[in-house]
Peer 1: 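Sharing a structure below in structure tokens format, with a few things to ask.
Both counts, for ligands and for their atoms, begin at 1 and track the order of listing.
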Amino acid sequence: MSYEIATLRGDGIGPEIIDQSVKALDAALRIFPNVQMNFTYLDGGADYYARTGQVAPDNTWKEMAAADAILFGSMGHPEIRMPDGTEVQGHFIVKARKTLDLYAGIRPIKSYPGARGVDPNAEVDLVLVRESTEGLFASFGGGAQIGDDVFADMMIVTRKGTDRVSRYALELARTRRGRPSDGTQLVTCVDKANIFRSLAFFRQVFDEVATEYPDISTDHALVDSFSMLMMQHPERYDVLVTENMFGDILSDLAAALVGGLGLAPSGDIGEDHAMFQPAHGSAPDIAGQDRANPVATIVSARMMLEWLAARHDDDNLRKAADLIERSVIATMAEGQRTVDLDGDLTCSQFGDAVAATITRLGAEL
Ligand code: NAD
Ligand code: MN
């Protein structure tokens, strides 16, 4: 099988981390020669905007819609702004999520060997499912302005949007081992149903959908106290489902449980398209220094292979995905790490190390 991958390196550390994930993919696909992957590199982002006045060329949108999957680094530069004062990256990413209908933001957070989070003894293996097409991001690019002193963005929650993301979370829970504390397959709806009508409705629709999944335990939590409970007792959580903005914040917070954003992958999934990128941004503070942690991007590429494998029933891709995951774990277990995890490898050295592990473990298959 052959797959077309629309690839955006983007800004900041984006190019550095994408190059490591392509290294890992190339190494894994050498083990499975029946699978081919063509990477088409596309323009777009803050640097591109500064040069051209456009967020991305038309060709980028066309290629993304036509590709089998999208692999994305990161975008954005805090100083490069649109006329409305917002940054360029949202005009790319939020637009991509809306136009390709990538409604489920899948953000797994789990411990990797040798990486310590805020509580080094915590058992963490949770997945945050972020609704990604509505919520507080619904009016993005629009909103309201009254004069020069009043601005508004509106929270939109629909039955369709909540139904499908709830269903995604419940289906996902069926495929997992359950929460670390006792193995219960649990979906926690994180909302603010005590205050906002829109989020009381989110909870109501979640509860309605959950009745179709009697085998999965469900629970609710209010986002404010939940953010404390998740930090204190991450082992009590399995799958979380939440509104767009809450999901954005909680996924970065959850990354602190396992050692930081360099270990936080993501997939933006829809019915017909999917985009895979680390949950973090372009890290301008470390860009161009070859010191970013590429694990989040390599694991996002692994998620891309799993998604393609399920969609095309391609067992070789499934095996390649598994090989990449085992190789990241094995490499880190040998003590090879980047500086954010108190290691001494550069981004590209770590990428080389993972590729070497893939080649070694792949030869044993
Ligand atoms: P950020 O995620 O870029 O960085 C936050 C902190 O985490 C920084 O100290 C950074 O050095 C560190 N970090 C992030 N990824 C890392 C990695 N792989 N390895 C080691 N350290 C890492 O968030 P920010 O600083 O708030 O935003 C920076 C820029 O990124 C802004 O322009 C923002 O708009 C953009 N952004 C883009 C995306 C995206 O492309 N999807 C997402 C979030 C933010
Ligand atoms: Mn974010």
Peer 1: Would you mind checking if D163 and R167 are paired as a salt bridge, meaning a charged N to carboxylate O distance below 4.0 Å?
Peer 2: yes
Peer 1: As an exercise, identify every atom of ligand 1 less than 4.0 angstrom from a heavy atom of A283.
Peer 2: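 With A283 as reference, the close atoms of ligand 1 come out as 3 (O), 10 (C), 11 (O), 14 (C).
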Peer 1: Among all protein heavy atoms, pick out the one at the shortest distance from atom 19 (N) of ligand 1; state its residue, atom name and that distance to 0.1 Å.
Peer 2: N293 N, 2.9 Å
Peer 1: Determine yes or no for a side-chain-to-main-chain donor-acceptor pair under 3.5 angstrom, with E87 supplying the side chain and G90 the backbone.
Peer 2: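 Flag not set: sc E87 to bb G90 has no pair under 3.5 Å.
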Peer 1: Under 3.5 Å between some N or O of ligand 1 and some N or O of G281?
Peer 2: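 There is such a contact, yes.
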Peer 1: Starting from atom 40 (O) of ligand 1, what is the nearest protein heavy atom, named by residue and atom, and what distance separates them?
Peer 2: M75 N, 2.8 Å
Peer 1: Find all atoms of ligand 1 within a distance of less than 4.0 Å from any non-hydrogen atom belonging to S74, and give their numbers and elements.
Peer 2: 40 (O)
Peer 1: Give a yes or no on whether a salt bridge exists between R360 and E334, defined as a side-chain N under 4.0 angstrom from a carboxylate O.
Peer 2: yes
Peer 1: Side chain, backbone, both or neither: which applies to R291 and ligand 1 if a contact is any heavy-atom pair less than 4.0 Å apart?
Peer 2: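 Answer for R291: neither.
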Peer 1: So, 4.0 Å and heavy atoms of I13: is ligand 1 close enough to count as a contact?
Peer 2: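 So I13 counts as touching ligand 1.
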Peer 1: Is it the case that ligand 1 has an N or O less than 3.5 angstrom from some N or O of S282?
Peer 2: yes
Peer 1: When you compare the side chains of E208 and Q204, does any donor N or O come within less than 3.5 Å of an acceptor on the partner?
Peer 2: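 There is such a pair (donor and acceptor under 3.5 Å, judged by atom type) between the side chains of E208 and Q204.
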Peer 1: For the aromatic rings, using the six-membered ring if either is Trp, is the centroid distance between F92 and F72 under 6.0 Å?
Peer 2: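 Between F92 and F72, the centre distance is under 6.0 Å.
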Peer 1: Considering only N, O or S atoms, which atom of D248 is nearest to the Mn ion (ligand 2)?
Peer 2: OD1
Peer 1: I'd like to know if the Mn ion (ligand 2) has an N/O/S atom from D252 within less than 2.8 Å of it, counting both backbone and side-chain atoms.
Peer 2: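 Checking the Mn ion (ligand 2) against D252, no N, O or S atom falls under 2.8 Å.
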Peer 1: For F140, is the NZ or CZ atom of R97 found under 6.0 angstrom from the centre of its six-membered ring and inside 45 degrees of the ring axis?
Peer 2: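 Not flagged: R97 not positioned over aromatic ring of F140.
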Peer 1: Less than 4.0 Å is my threshold; does some heavy atom of P284 fall inside it relative to ligand 1?
Peer 2: yes
Peer 1: Which value, rounded to the nearest 0.5 Å, describes the distance between T338 atom OG1 and D290 atom CG?
Peer 2: 10.5 Å
